[in-house]
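Below: the structure, in structure tokens.
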There are 2 protein chains.
Amino acid sequence: MAPSRRDHLVDTALELFVRDGFHATGIDKILAESGVAKMTLYKHFKSKDELILSALRRRDERFRNWFMRAVESRAQAPRQRLLAIFDALDEWFSGRDFNGCMFINASAEFARPDDPIHVAAAEHLRLVLAYVRELATAAGARDAEALARELMLLAEGAIVMAHVAGQADAAKNARRAARTLVDHALA
Amino acid sequence: MAPSRRDHLVDTALELFVRDGFHATGIDKILAESGVAKMTLYKHFKSKDELILSALRRRDERFRNWFMRAVESRAQAPRQRLLAIFDALDEWFSGRDFNGCMFINASAEFARPDDPIHVAAAEHLRLVLAYVRELATAAGARDAEALARELMLLAEGAIVMAHVAGQADAAKNARRAARTLVDHALA
DNA sequence: GAATAAATATACAGATCGGTCTGTCTTGTC
DNA sequence: GACAAGACAGACCGATCTGTATATTTATTC
């Protein structure tokens, strides 16, 4: 079964949104890039914002899937998995198409906290945090919630320093800090 | 001496850019809000991008000024100043008009690393990092550069978690992690 | 092969974008 | 009072924006 027009549309939009941003990517560019007609887009999506939401949902799904596999394939021991988070980030940052976190970017362009797009970005972070908390719990942290939040700070900070400041080694710095925090939390 | 038209323009633009984003803020809105004529704007700035750069420069100047005063007024001892960073962030996040970091947002909308606006954002982070490194050096850290980078990760991560995920206590989590890292680095 | 559904191309609407241009009016200075 | 500088208002430009309408082509299915 050939990929549906809708899927193709979401994939193309996803790529352009990540590369150029949301406001800077016009409907017409998405249509030209995907070879889909305008009426087809508006049959599947009520508006550009709906398309953005679909792209964010797909990104969330793919990213967390990749992330969990990347972490779990690197280590078996729970404590090592907490550190493997930052090895996965390092791989991500080193990719040619790294352009920051799509959800941080979405929150920048849709700043009102009640904007559905901003809400979707918040939900993504909530889900990633929940996964890190699972890892922290498995590792036997006294306060898994606290450790997870601390590691999330390092992870998000690394994304920012890698993207905004171009610090290619941000994930490595974060890993070093993470080891200190994990040692402290598991002592 | 009345504030110059140019200054008023930059201030108005700064406010709107922070609140609504860069692409979402049109020239006309800035003019209407500031009561300045269009030709006056284009006499002072070659383009909208030039106005954005001026707004970023002003923001960088004001933010770092506020930040250094906020840190130094909270503590005298170098080690305590490193932790005061996160008390200052907490105050910032609690403000009614907190809308994330303008430089992270700018990098999201102007993603190409060689874009002058992205470069300006990178420079801002570089300057903040330099200040944190000074504090770390004064505190007698064995590796001041490493400690400064780790604390920067926590700070930027806190900004993201506070803005994107609406975590009001992000700065407090960061402060707790920072204490662990500082203790480890000064041991 | 006809009927049906979907996707196509194209044109268009109405608004807004960044930026230019032409004037008018105010203000300060000599 | 003459004059120049600077800011004003507002029309205007071409391009682009999201979204809609129409009419044609393609593909599937009976």
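- Computed from coordinates, the Lys46(B) NZ to dT20(C) P distance equals 11 Å when rounded to whole Å.
- Relative orientation of the Phe98(A) and Phe93(A) rings is tilted, given thresholds of 30° and 60° on the angle between their planes.
- Minimum atom distance to the side chain of Lys43(A) is reached by dA7(C), of the listed dG18(C), dG19(D), dA7(C).
- The stretch residues 35-42 of chain A touches DNA chain D through Lys38(A), Met39(A), Tyr42(A), each having a heavy atom within less than 4.0 Å of the strand.
- Using bins of under 30°, 30° to 60° and over 60° for the plane-to-plane angle, the ring pair Phe63(A)/Trp66(A) lands in the tilted bin.
- Between Phe110(A) and Phe22(A), the ring planes lie perpendicular to each other; the angle is over 60°, past the 30° to 60° tilted range.
- Taken to the nearest 0.5 Å, the OG1 atom of Thr137(B) stands 9.5 Å off from the CG atom of Asp143(B).
- Taking every heavy atom of residues 14-32 of chain A and every atom of DNA chain C, no pair lies under 4.0 Å.
- Using a 4.5 Å heavy-atom threshold, the side chains of Arg149(A) and Gln167(B) count as touching.
- A donor-acceptor pair shorter than 3.5 Å can be found between the side chains of Arg176(B) and Asn173(B).
- Taking CE from Met102(A) and NE2 from His124(A), the interatomic distance works out to 10.5 Å, rounded to the nearest 0.5 Å.
- Smallest separation of non-hydrogen atoms from Ile104(A) and Glu156(A): CD1-OE1, 3.5 Å.
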